[in-house]
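I have placed the structure first, in the form of structure tokens, so that the comments after it can refer back to it.
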Amino acid sequence: MEVTFAAEPTRLIIAALCGLAILLFLIIKFQVQALIAILISALSIGLIAGMPMSMITDTVTKGMGKTLEGIALLVGLGSMFGAILEISGGAERIAISMMKRFGEKRAPWALGITGMVVSIPVFFDAGLIILIPLAFSIAKRAKKSVLYFVIPLLAGLAVGHAFIPPTPGPILVANILGVDLGLVIGLGLICGAFSMIAAGPIWGNICGKNYNISVPHQYLDTKEFEEDKLPSFSSVVLIIMVPLFLILINSFLGIVPEGQLTTVKSIFEFLGTPFVALLLATLTAWVVLGLKHGYTRAELEKVMTKSLEPTGLILLVTAGGGVLRYMLQDSGLGNIIGNAVAATPLPMIVVAFLIALAVRISVGSATVAMTMAAGIVASMPAVSNLSPLYLACIVMAIAGGSTAASHFNDSGFWLVKSLCELDEKTTFKTWTIMETIVGFTGFFVALIVSFFA
């Protein structure tokens, strides 16, 4: 990558270390909002590195714009899609149908797969709140520890959230690294499947045997879902799969030689554009799960508009990470890091994972960890020489590192603790280890695939 500013390597390294220290200090010590902390960190890097002030402000503007142009529409459309799925009972229909097909004995597998599917269009927190009553209901009937069923559900949700677009995290990293989204979806499904199995049914069985956790009191009288009022299983699954299929078909047609299937390729190149694919899925959900399910256009408009409220924070924090990426790149630090990495025996995929893991442990936010790791890796000149498949493996490695080791500085830790009425020690021994299994398993699968890239 072209660098428009050059300074002494030592000064650049000091600038980067100071910027990172400022970021961690502001978030951990003073609990400063993530966007503010990231911007202060990025500005500090530029100033300490000696970049001209006009260049620093230009870099901030460029970082915000270039980052948002790739994901803003996707995050917004995904939020509205998820809101329709939630109010229509689509998520509940998937869960109930999976339970019937798998049976109560294989309920952990059903819940893991359900979580994985639902978290593709629905944010982790929303999916958990929607589906956790079902896990508690099964635990009550089976008279077992809730962890037998909650851990697989959590694993499925975490996997979909971390590895499989159109969730914001992998889209962000793929956008920063310039990776084909269809390739990321395909590899994400592979990494996600292994991660869900290891962290879900297997680890959930171990947790259930070692920790006898009762159903929380507020869920003891939970009413059963009225199945006759829920949409059909096939319609919900097909709608969720619409954007995935369109994006994947577009990617597969991309390998067809020039001059062949020209009309078909051009059609699916348009339909398989991520925001077009997600727009079609959202419109389909609006009709099939909304209007035909008894909701008025006014009610749907209100629900969809309200779903956009939390996206502002997601987009701004993500854009802040983009600012940090371009500040590292334009300062010339990417060249220094790239040369240092080239001199070590560690493959870049391992370096990407370790960077993401270090930020995740320090800051807690998976989004911040993804943006920082992707930004640092993208600023390395060697990235331009990597194959598309290897870059997709790096996306998975960053997603894995950003998922592992959730602990006291992660909001997900406290959400799970409160919903399941666990103490901190038990949450750490169950949820934290589950997240770590998800992250490391996904990384190891991506590492194996990278040998063939």
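One-based numbering along the sequence shown.
A pairwise comparison of heavy atoms in Thr432 and Ser406 identifies OG1-O, 2.6 Å as the closest pair. Taking every heavy atom of both residues into account, Val303 and Ala83 meet most closely at CG1-CB, 3.8 Å. Nearest heavy-atom pair, Thr436 versus Ala405, reported as atom, atom and distance to 0.1 Å: OG1-N, 3.1 Å. In this structure, Leu147 and Pro152 approach most closely via the heavy-atom pair O-CD, 3.8 Å. For the residue pair Ala135 and Leu153, the shortest heavy atom distance occurs at CB-CD2, 4.2 Å. Residues Ala16 and Ile45 come closest through the heavy atom pair CA-CG1, 4.3 Å.
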What verdict does the side chain to side chain contact (heavy atoms under 4.5 Å, CB included) test give for Ile239 and Phe81, after you've listed the backbone C-alpha separation in whole Å, the side-chain angles of each residue and the deciding distance to 0.1 Å? CA-CA 10 Å; Ile239 291 171; Phe81 185 17; 3.5 Å; yes
Output, in order, the C-alpha distance, side-chain angles, deciding distance and verdict of side chain to side chain contact (heavy atoms under 4.5 Å, CB included) for Met80 and Glu301. CA-CA 9 Å; Met80 291 186 284; Glu301 190 275 336; over 6 Å; no
Please test Phe413 against Glu435 for side chain to side chain contact (heavy atoms under 4.5 Å, CB included), starting from the C-alpha separation and ending with a verdict. CA-CA 10 Å; Phe413 177 96; Glu435 285 275 86; over 6 Å; no
Show your working on side chain to side chain contact (heavy atoms under 4.5 Å, CB included) between Val445 and Met396 and close with a plain yes or no. CA-CA 9 Å; Val445 173; Met396 294 298 105; over 6 Å; no
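For the pair Lys29 and Phe25, the cation-pi criterion (under 6.0 Å, within 45° of the ring axis) is not fulfilled.
Tested against Leu391, the residues Leu386, Val173, Asp180 include a single side chain to side chain contact (heavy atoms under 4.5 Å, CB included) partner, Leu386.
In this structure, the separation between CD1 on Ile56 and CG on Leu47 is 4.0 Å, given to the nearest 0.5 Å. In this structure, Leu246 CG and Thr273 OG1 are separated by 10.0 Å, a value rounded to the nearest 0.5 Å. The distance from the CG atom of Asp423 to the CD1 atom of Ile213 is 7.5 Å, given to the nearest 0.5 Å. The OH atom of Tyr148 lies 14.5 Å from the CG atom of Leu111; values are rounded to the nearest 0.5 Å. Distance check: Leu283 CG to Ile84 CD1 gives 8.5 Å after rounding to the nearest 0.5 Å. Taken to the nearest 0.5 Å, the CD1 atom of Ile185 stands 7.5 Å off from the CG atom of Leu189.
For Lys429 and Glu424, the salt-bridge test fails: no basic side-chain N is under 4.0 Å from an acidic carboxylate O. Looking at Lys306 and Glu309, a side-chain N of the basic residue comes within less than 4.0 Å of a carboxylate O on the acidic one, giving a salt bridge. Salt bridge present: Asp330 and Lys62 bring a charged side-chain N and a carboxylate O closer than 4.0 Å.
Between Val323 and Thr59, the closest side-chain pair of non-hydrogen atoms is not below 4.5 Å. For the pair Ser145/Lys209, no side-chain contact is recorded, criterion being any heavy-atom separation below 4.5 Å from C-beta on. The shortest side-chain heavy-atom distance between Leu12 and Ser331 falls under the 4.5 Å cut-off. Residues Thr430 and Ile151 meet the side-chain proximity criterion, which asks for heavy atoms closer than 4.5 Å. By the 4.5 Å heavy-atom criterion applied to side chains, Asn250 and Leu271 are not counted as neighbours. Counting heavy atoms from C-beta on, the side chains of Thr427 and His407 never come closer than 4.5 Å. For the pair Lys417 and Thr426, the minimum side-chain heavy-atom distance is 4.5 Å or more. Counting heavy atoms from C-beta on, the side chains of Leu447 and Ser450 come closer than 4.5 Å.
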Using distance only, find each side-chain donor-acceptor pair of residues 345-359 under 3.5 Å and give its atom names and separation, not counting sequence neighbours.
none

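Of the possible polar contacts, one joining the Ser195 side chain to the Gly442 backbone as a donor-acceptor pair under 3.5 Å is found. Between the side chain of Ser402 and the main chain of Ala399, no donor-acceptor pair closer than 3.5 Å is present. Using a distance-only test at 3.5 Å, with no hydrogens or angles considered, a donor-acceptor pair links the side chain of Tyr295 to the main chain of Ile87. Between the Asn210 side chain and the Ile206 main chain, a donor and an acceptor come within less than 3.5 Å of each other. Judged by distance alone, the side chain of Arg360 and the main-chain N or O of Thr403 form a donor-acceptor pair under 3.5 Å. With hydrogens and angles disregarded, no donor-acceptor distance shorter than 3.5 Å links the side chain of Ser41 to the backbone of Ala37. Put simply, the side chain of Thr57 gets close to the backbone of Ser54: a donor and an acceptor are under 3.5 Å apart. A donor-acceptor pair is defined here as one N or O able to donate and one able to accept, closer than 3.5 Å; such a pair exists between the side chain of Gln33 and the backbone of Leu35. When atom types are taken as modelled, the side chain of Arg93 and the backbone of Val236 share no donor-acceptor pair closer than 3.5 angstrom.
The number of heavy-atom neighbours closer than 6.0 Å to OH of Tyr211, taken from other residues, nucleotides and ligands shown, is above 12.
Inspection of the Thr61 and Asp58 side chains reveals no N or O donor paired with an N or O acceptor under 3.5 Å.
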